[in-house]
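The shown structure was predicted, so the numbers you read here are calculated from the model rather than taken from an experiment.
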Amino acid sequence: MFEPSSIMIAAIACAFGMTMAWWHQRRKLRLACADPGSARRSVSAVSELYDRFQAERDSRAEEQVLARRIAEERATRFERMFTSFDDPILVLDRHGEVVEANPAALAIAGLDPEQCVVDAVHPRDLSTMISNQVAAKEIHALSRNVVERGSDDFRRSVFELTDDGAEPSTRAFEAVIRTLDGNGRSLVVLHETTREREMARLKSEFVAKASHELRTPLSSIRASLEMLSDGELQDLDQRTEFLGIAMEETDRLAKLVNDMLDISCIEAGVARPRMRCVDVGALAKDVVDGLRAAAERKSVDLRLHVESGLVVDGDPEMLATVIGNLVGNGLKYVPEGERITVTVDAEDLTRSVVVTVTDTGLGIPPEDIDRVFDKFYRIKRYERTARGTGLGLNLCRNIVEQVHQGRIGVDSRLGEGARFWFSVPASHPASVVA
Ligand code: ADP
């Protein structure tokens, strides 16, 4: 808009012009004194000129007030933005000293934003704001560098800050350093990258584990197919056996890929659950009925206790996958002749529906209990008991917690069986029996 100095110059120039015009009119008035008619005309011209001068002066004053208000408004808005940014922001002066720091920057320096003042009168050394001294030096050098170049250029620097407190932690940051103005000041914005880095680490860990898991069935399929294609297997039984292995491994591969895809979709927030009113008891009955034959083959006593009429808002297919995985695990890991009990109850306190799958099998060792829901986690001592991918429980957790905002857990004592449970909010209070 208007610079206050240019408004002043314009006002002075205007006043000078008007004064000259007024002086000229006065002179004309003096000259016309001999002629009274001409004098009257001149007097009214002067007063008109004076009014115009006054009006002009008032309008200039109003413009000045407006310009000042706009400037103040801008400064307040900038101040508000500066303090509300989650990213730490620092302003360095021409000597590389910190002359502005937003609350986030004070917080990472361990300073109390309520108590600590950082400004041109109370500047701080950059090394007192960034505890990693190597990083502080580098940022200082880079800020001098961008200022000397005097362009819109910017520099980046990545560093870590370690907190040696009660719970030691390391946070990763990326600093973006750019010139702020023509007075040698620079702006340093610190963007925390801890989470992004952790995500990248988890992603590559997932890819490494997934590749490893995929390789096993693939090699098995390849070996079986090689035996069959070599023509060495004349015996029909042997050929059938190798075909069976190839089929089984293909199924395992397909399950692995499907579970990985389902987990990735849910974690990425792109899964499209088909939510509807689900009668959990009826759903559990269908799943259990489908597994009865497998239970009988293993002489496992499979029981179901259902409280009827318990309804949740959920994706029936996904919830069936959860119940199926929990009961399926029971069948895999309990020895012959044991018992698996599935119950569906209401939990009044949390107004949710709880499904519990309890078995009288081997139980889970205490050192493994917190990890069984992790991706690809399998309890070492049970690896020979049954085959698996280590993804089933992780998929269950994703379906329950991410898609249905429920909870999932396990209680177990080694040798005394396991009790897996999950709860999903009831779709309306009436569905929970009081
Ligand atoms: P998997 O495909 O290996 O069964 P899961 O994610 O379903 O993968 O389970 C992870 C691990 O938890 C299993 O490998 C097994 O060691 C253990 N586990 C799961 N259910 C039971 C259970 N009912 N009893 C004992 N161990 C179990």
*Side chain of Q133, backbone of S127: donor and acceptor closer than 3.5 Å?*
yes
*Establish, from distance only, whether the side-chain atoms of E138 and S157 form a donor-acceptor pair under 3.5 Å.*
yes
*Would you say N329 and F420 make side-chain contact, with heavy atoms under 4.5 Å?*
no
*Decide yes or no for M129 and L106: does some side-chain heavy atom of the first lie under 4.5 Å from some side-chain heavy atom of the second?*
yes
*Qualifying residue, where the test is side chain to side chain contact (heavy atoms under 4.5 Å, CB included) with L310 and the options are V353, V278, D279*: V353
_Under the criterion salt bridge (Lys or Arg N to Asp or Glu O under 4.0 Å), I'd like the reasoning laid out for D289 against R292: C-alpha separation, chi angles, the key distance, then a yes or no._
CA-CA 5 Å; D289 284 349; R292 281 217 187 277; 3.5 Å; yes
*Does some side-chain heavy atom of N325 sit less than 4.5 Å from a side-chain heavy atom of L393?*
no
*Take the angle between the ring planes of F53 and Y50 and call it parallel below 30°, perpendicular above 60°, tilted in between.*
tilted
*Determine, stepwise, if the pair E248 / R252 fulfils salt bridge (Lys or Arg N to Asp or Glu O under 4.0 Å).*
CA-CA 6 Å; E248 203 181 295; R252 192 168 124 79; over 6 Å; no
*Under-4.0 Å salt bridge between R195 and E198*: no
*asked:* Between T194 (side chain only) and A172 (backbone N and O only), is there a donor and an acceptor less than 3.5 Å apart?
replied: yes
*From the options V357, L319, V410, select the one residue that forms a side chain to side chain contact (heavy atoms under 4.5 Å, CB included) with F422.*
L319
Please set out all donor-acceptor pairs under 3.5 angstrom arising from side-chain atoms of residues 107-119, sequence neighbours excluded.
from	atom 1	to	atom 2	distance (Å)
D112	OD1	E114	N	2.9
D119	OD1	V121	N	3.0
D119	OD1	H122	N	2.7
D119	OD1	H122	ND1	3.0

*salt bridge (Lys or Arg N to Asp or Glu O under 4.0 Å) between E205 and K209: does it pass, once the steps are laid out?*
CA-CA 6 Å; E205 195 180 279; K209 282 184 179 166; 3.7 Å; yes
*How are the rings of F206 and F376 set to each other: parallel, tilted or perpendicular (split at 30° and 60°)?*
tilted
_Quick one about N394 and N398 (side-chain donor to acceptor, distance below 3.5 Å, no hydrogens or angles considered), yes or no?_
yes
*Could you walk me through whether E148 and R155 pass the salt bridge (Lys or Arg N to Asp or Glu O under 4.0 Å) check?*
CA-CA 13 Å; E148 274 158 26; R155 291 279 179 275; over 6 Å; no
